[in-house]
Amino acid sequence: LESLSDGEQPAMKQACKFRFESAGCSDVGAVRERNEVACLLYSFDSDGHYPLLPFGLYILADGMGGYDGGDRASKIATRAAAQYLLQRIYLPLLKGEPHPGQASIEQTLRKSVLSAHEAVHPPDYSGNGGTTLTLALVLGRQLHLAHVGDSRAYCLVNGDLQALTKDHSLVQRLQDEGELTVEEAENFQYRNILLRALGQEEELEVDTYFHQLPARGKLLLCSDGLCGQISDKEILQIMNQTLAPGQIADQLISAALQAGGWDNISVIVVEFEA
């Protein structure tokens with residue numbers, strides 16, 4: 001993937017022939033009684049003499065907080081973030097307004113996550129629900145990401161699986177500081193403790209990323225019920241198959257269930273090609 005700095009602007013063509021197909025799949029797992037993960041997929045394409053840029057919005061949120069906590073938080077977060085982005089990016093494009101620049105989109109992404117954060121934990125809410133949120137916005141061949149928590153985004157390019165996000169977890173911080181090895185992290189007692197989550201604190205820091213997508217590949221958004229249950233190597237093997245996104249999503253869920261299914265498992269798979 002080609003990462004661009006804030007000062008760089010890739011060339012954008014209105015007649016962007018870029019196809020993408022997506023599918024989402026979710027399972028409560030083998031242990032939990034409730035599914036606290038919410039997924040949202042929205043895509044739009046047009047054709048003719050004045051086609052619009054292909055547009056895709058994919059959001060995955062993994063809730064926490066138990067009964068009437070995590071499932072509520074993830075549902076609210078995905079819908080609030082989507083509403084914010086559709087109103088401020090998608091609808092203006094439909095009206096024929098100029099394509100917003102990278103800095104403008106990055107700012108809008110952050111605000112969409114913060115609006116979701118406020119919706120999850122309004123002033124009059126006394127519950128303890130919170131959620132991760134990983135969001136992918138595709139505009140033509142531009143990929144914009146916003147991320148909080150330990151749900152992940154990956155990209156498969158030329159047979160190589162690349163992590164696009166970094167977990168906001170205690171185990172990841174300890175690895176970064178050299179206090180845990182990769183092997184020790186796999187069995188770390190507190191590996192599920194998050195350092196950032198929507199609805200859990202007054203101020204929230206949101207990570208954003210920007211990439212220029214290659215000519216073809218696949219995106220994966222997943223909860224830790226997948227990436228915490230099976231290895232990246234196994235995810236790569238499944239993603240590398242020449243199957244439709246829905247079939248790949250089903251196989252990823254099945255692999256996590258066969259490995260124990262200790263948590264809710266949710267995935268979004270997006271295949272793209274110029």
Side-chain angles (χ1 to χ4, degrees), residues 24 26 28-29 32 34-41 57-66 69-82 84-85 106 109-121 125 127-137 143-155 162-176 180 185-186 188 190-209 219-230 232 235 252 256 262-268:
S26 187
V28 69
R32 302 293 179 89
R34 299 173 66 87
N35 193 340
E36 296 186 316
V37 185
C39 299
L40 187 148
L41 297 80
L57 178 61
Y58 310 100
I59 308 176
L60 188 147
D62 188 359
M64 65 197 81
D71 52 350
R72 169 194 172 276
S74 61
K75 176 192 73 173
I76 290 173
T78 53
R79 298 179 187 186
Y84 192 97
L85 288 172
E106 181 179 312
L109 283 178
R110 284 198 176 98
K111 288 182 177 179
S112 73
V113 178
L114 292 176
S115 72
H117 174 56
E118 294 172 359
V120 168
H121 199 176
Y125 177 61
N128 63 344
T131 184
T132 71
L133 191 142
T134 300
L135 179 157
L137 171 67
L143 171 64
H144 303 266
L145 294 164
H147 170 67
V148 174
D150 65 351
S151 299
R152 294 182 184 176
Y154 293 90
C155 189
Q162 303 176 27
L164 303 182
T165 55
K166 190 171 185 178
D167 294 350
H168 301 133
S169 62
L170 176 60
V171 67
Q172 182 63 58
R173 176 173 289 182
L174 292 175
Q175 284 182 265
D176 293 342
L180 282 180
E186 292 179 356
F188 184 56
Y190 303 109
R191 66 194 307 266
N192 294 323
I193 293 180
L194 293 181
L195 302 181
R196 295 189 211 172
L198 278 70
Q200 295 291 293
E201 51 200 43
E202 292 185 4
E203 294 186 7
L204 182 69
E205 184 179 353
V206 182
D207 286 352
T208 59
Y209 307 87
L219 295 175
L220 169 66
L221 272 62
C222 65
S223 67
D224 67 334
L226 179 80
C227 54
Q229 188 71 61
I230 64 175
D232 283 5
I235 293 174
L252 289 168
W262 58 268
D263 201 354
N264 303 150
I265 315 156
S266 293
V267 301
I268 296 173

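This is a predicted model, so every value here is computed, not measured.
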**Q** With a 3.5 Å distance limit and no angle check, can you tell me whether T132 reaches the backbone of V148 through a side-chain donor-acceptor pair?
**A** no
**Q** Mind checking whether I235 and L226 have side chains closer than 4.5 Å, heavy atoms only?
**A** yes
**Q** Can you find a heavy atom in the side chain of S74 that is under 4.5 Å from one in the side chain of V37?
**A** no
**Q** Return yes if some donor-acceptor pair links the side-chain N/O of D150 with the main-chain N/O of H168 below 3.5 Å, else return no.
**A** no
**Q** Starting at CG of L220, measure out to CD of Q162 and round the result to the nearest 0.5 Å.
**A** 13.0 Å
**Q** Under the 3.5 angstrom rule, does the side chain of D263 hit a backbone N or O of G29 as a donor-acceptor pair?
**A** no
**Q** Show your working on side chain to side chain contact (heavy atoms under 4.5 Å, CB included) between L109 and V206 and close with a plain yes or no.
**A** CA-CA 9 Å; L109 283 178; V206 182; over 6 Å; no
**Q** May I ask you to test the R152-T134 pair for a side-chain heavy-atom distance under 4.5 Å?
**A** no
**Q** Once rounded to the nearest 0.5 Å, what's the spacing between atom CD of E203 and atom CD of E205?
**A** 10.5 Å
**Q** Within this structure, what is the CG-CG distance for the pair L194 and D224, rounded to the nearest 0.5 Å?
**A** 7.5 Å
**Q** Going from CD on Q175 to CG on L170, what distance comes out if it is rounded to the nearest 0.5 angstrom?
**A** 10.5 Å
**Q** Locate the shortest heavy-atom distance separating L40 from I268; write the atom from each residue and the value.
**A** O-CD1, 4.1 Å
**Q** Testing the basics here: between A81 and A116, what is the closest heavy-atom pair and its distance to 0.1 Å?
**A** N-CB, 4.1 Å
**Q** Rounded to the nearest 0.5 Å, what separates atom CG in L145 from atom SG in C155?
**A** 9.5 Å
**Q** What are the two closest non-hydrogen atoms of L204 and A197, and how far apart are they?
**A** CD1-O, 3.7 Å
**Q** Below 4.5 Å, heavy atoms only, C-beta onward: do L57 and L135 meet side chain to side chain?
**A** yes
**Q** Say you draw a straight line from OG1 of T78 to CG of L198; how long is it, rounded to the nearest 0.5 Å?
**A** 10.5 Å
**Q** Return yes if some donor-acceptor pair links the side-chain N/O of S266 with the main-chain N/O of S223 below 3.5 Å, else return no.
**A** no
**Q** State, to 0.1 Å, how close C222 and Y154 come at their nearest heavy-atom pair, and which atoms those are.
**A** SG-CE1, 3.9 Å
**Q** Closest approach of S151 and L60, non-hydrogen atoms and distance?
**A** OG-CD2, 3.6 Å
**Q** Could you tell me whether a side-chain N or O of H147 sits under 3.5 Å from a main-chain N or O of G149, the two making a donor and an acceptor?
**A** yes
**Q** Is atom CZ of R79 surrounded by more than 12 heavy atoms (other residues, nucleotides or ligands) closer than 6.0 Å?
**A** no
**Q** Donor-acceptor pair, distance only, cut-off 3.5 Å: does the side chain of T165 make one with the backbone of A153?
**A** yes
**Q** Checking R110 now: which residues fulfil salt bridge (charged side-chain N to carboxylate O under 4.0 Å, His left out) with it, not counting sequence neighbours?
**A** E106
**Q** Return the minimal non-hydrogen interatomic distance between A256 and I265, and the atom names on each side.
**A** CB-CD1, 3.6 Å
**Q** If you measure only the distance, is there a donor-acceptor pair under 3.5 Å linking the side chains of S26 and N35?
**A** yes
